[in-house]
Amino acid sequence: MISVRNFSLGLTSLSGQPLNFCSDYRVECRCEVLTYTTAIGVVTVRALRSGGSSRISYSYEGKYTESGIRHEVIRRFGLRDDMERIYAVLNTDRYMDAAIGNLNGLRITENDPWETTLCFVVSQFNNIKRIRRIIGRLTERFGEEVELAGRAVKSFPSPETLASAELSEIRKCGTGFRDRYIKKVAQACTSGVDLADLADMDYHTAKERLLGLYGIGDKVADCILLFGYKKLEAFPVDVWVKRAVETVYFNGRKKSIGEIHAFAERRWEGLSGYANQYLFCNGRMNKIGA
DNA sequence: ACCCAGGCGGGCG
DNA sequence: CGCCCGCATGGG
């Protein structure tokens, strides 16, 4: 059992982060419940909010130790993030104040780098509901059947499997034109690029490395760095974030991607990733500028 | 029918 | 560099 303030399991897992694409969220009698599969097990997290704090419990099947599962949950959901400090840094204008009020407890999750990479390659020019279904079909078709505590579970598709898959087979999962990107990125990750290396690189160096991969551009690279490596300087600029920044901070004037990056870095410094997630979610909620 | 979605690569000026 | 285009698919 973990007790923390400023945590919402629902907002965190339904806000367009990787868990939104490959996990199952439900509510059971006022308790929020999320089940997801990792490389070594199936994890179920329950959160019950009362007052300003959440009581979080977890269970699992698979090869976890007691300290291992606790560490997994704390790390995955960002439970060590000092939200009071983060909110203090972000809350310098009326819009952010409202966003923080609407989205209290939304955290940046930290996910497996390869899973994050595939999710956001699939995400491009796509919508969340369909990303979820495509990831589900890729897992069903290309995941390995593994047995966890006597139960058959499909693992997340590996880069090796996708690297050698037929393009037409990938496309049958509904990927559309992204089939080439998926295969190329998978191939790069099995020869030449070790995603584990990026963890030790600074943000800009790691981003350059990702941008070298066919199918990964500016926005997807930032998503991978934010949600796969928790580099909080990352600021993914998608249509929602671009609209929100232009509307709120530039009086509706159009700005280039580069100008928006420069603005975010100056205004929120090392926490622009958190600002980004609040802009994204609040912008979608309010359909700001649309 | 039409518009849009957590964009990217390629081709052009 | 910046800009514009096509790209597959499905939901509102």
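Lettering follows sequence order; numbering is per chain, from 1.
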**Study point:** Gln17(A)-Thr109(A) side chain donor-acceptor pair, cut-off 3.5 Å
**Key:** yes
Check your understanding: Looking for any heavy atom pair under 4.0 Å, which part of the strands does Val237(A) touch: base, sugar-phosphate only, or nothing?
Key -> nothing
Review point. Quick one: Leu138(A) CG to dT9(C) P, roughly how many Å, whole number?
Key: 13 Å
**Study point:** Most 5' of Gln124(A) and Lys129(A) on DNA chain C, judged by nearest nucleotide
**Key:** Gln124(A)
Exercise for review: Select base, sugar-phosphate, or nothing to describe what Ile131(A) touches, counting heavy atoms under 4.0 Å on all strands.
Suggested key: nothing
Practice item. Write down the distance between CG (Leu210(A)) and P (dG6(B)), rounded to a whole number of angstrom. Key: 21 Å
Review point. For the residue pair Tyr36(A) and Phe77(A), does the interplanar ring angle fall in the parallel (under 30°), tilted (30 to 60°) or perpendicular (over 60°) class?
Key: perpendicular
Exercise for review: Just call it for Asn276(A): base, sugar-phosphate, or nothing, with non-hydrogen atoms closer than 4.0 Å on any strand.
Suggested key: base
Exercise for review: Please state whether the phosphate of dG10(C), meaning OP1 or OP2, lies under 4.0 angstrom from any side-chain nitrogen or oxygen of Arg133(A).
Suggested key: no
Point to revise | Euclidean distance, atom CG of residue Asn126(A) to atom C1' of dC4(B) [Å, nearest integer] | key: 11 Å
Practice item. Rounded to whole angstrom, note down the P distance from dG6(C) over to dC3(B). Key: 14 Å
**Study point:** Nearest-Å distance once atom C1' is located in both dG10(C) and dG9(B)
**Key:** 23 Å
Revision key, fill the gap. Which of dG10(C), dA5(B), dC8(B) is nearest the side chain of Arg130(A)? It is dG10(C)
**Study point:** Donor-acceptor side-chain pairing of Tyr278(A) and Tyr87(A) below 3.5 angstrom
**Key:** yes
Check your understanding: Expressed in angstrom and rounded to an integer, what is the separation of Asn282(A) atom CG from dG6(B) atom C1'?
Key -> 16 Å
Check your understanding: Can you check whether Phe125(A) stacks with the dC7(C) base, using ring centres under 5.5 Å and planes within 30°?
Key -> yes
Review point. Just how far, in rounded Å, is C1' of dC4(B) from CD1 of Ile128(A)?
Key: 13 Å
Check your understanding: Hey, is the side chain of Arg178(A) poking within less than 4.0 Å of OP1 or OP2 on dA5(B), counting only N and O atoms?
Key -> no
Review point. Nearest-Å distance, CG (Asp238(A)) to P (dA5(B))?
Key: 9 Å
Practice item. Identify which nucleotide among dG9(B), dG6(B), dA5(B) has an atom closest to any side-chain atom of Arg243(A), counting heavy atoms from C-beta outward. Key: dA5(B)
Point to revise | Sugar-phosphate only, base, or nothing, as touched by Phe21(A) at under 4.0 Å among non-hydrogen atoms | key: nothing
**Study point:** dG6(B) pyrimidine/purine six-ring stacking with Phe280(A), under 5.5 Å and 30°
**Key:** yes
**Study point:** Most 5' of Gly215(A) and Asn127(A) on DNA chain B, judged by nearest nucleotide
**Key:** Asn127(A)
Practice item. Indicate yes or no for a side-chain donor-acceptor contact from Arg46(A) to the backbone of Ser57(A) under 3.5 Å, with no hydrogens or angles considered. Key: no
Exercise for review: With Lys184(A) as the cation and Tyr214(A) as the aromatic partner, state whether NZ or CZ is under 6.0 Å from the six-membered ring centre and within 45° of the axis.
Suggested key: yes
Point to revise | Aromatic-base stack, Phe177(A) on dA8(C), cutoff 5.5 Å, angle under 30 | key: no
Exercise for review: For Asn20(A) and dA5(B), give me the distance from atom CG to atom P, rounded to whole Å.
Suggested key: 17 Å
**Study point:** Length of the line joining Lys242(A):NZ and dG7(B):P, which is rounded to integer Å
**Key:** 13 Å
Review point. Do any N or O atoms from the side chain of Thr12(A) and from the backbone of Leu9(A) form a donor-acceptor pair under 3.5 angstrom?
Key: no
Review point. Just checking Ile134(A): base, sugar-phosphate only, or nothing, at a heavy-atom cut-off of under 4.0 Å?
Key: nothing
Review point. How is Asp179(A) classified with respect to the nucleic acid when contacts are heavy atoms under 4.0 Å: base, sugar-phosphate, or nothing?
Key: nothing
Check your understanding: Which whole number of Å gives the distance between the C1' atom of dC4(B) and that of dC7(C)?
Key -> 14 Å
Practice item. Select base, sugar-phosphate, or nothing to describe what Gly16(A) touches, counting heavy atoms under 4.0 Å on all strands. Key: base
**Study point:** Nearest to side-chain heavy atoms of Trp240(A), which nucleotide of dG9(B), dG6(B), dT9(C)
**Key:** dG6(B)
Review point. Expressed in whole Å, how much space separates the P atoms belonging to dC8(B) and dG11(C)?
Key: 24 Å
Practice item. Mind checking Ile257(A) for me? I need base, sugar-phosphate or nothing, with any heavy atom below 4.0 Å counting as a touch. Key: nothing
Review point. Taking atom NZ of Lys219(A) and atom CD1 of Ile224(A), what is their separation to the nearest 0.5 Å?
Key: 9.5 Å
Exercise for review: Once you apply the 3.5 Å cut-off to both distances, tell me the Watson-Crick or G-U wobble partner of dG6(B), or none.
Suggested key: none
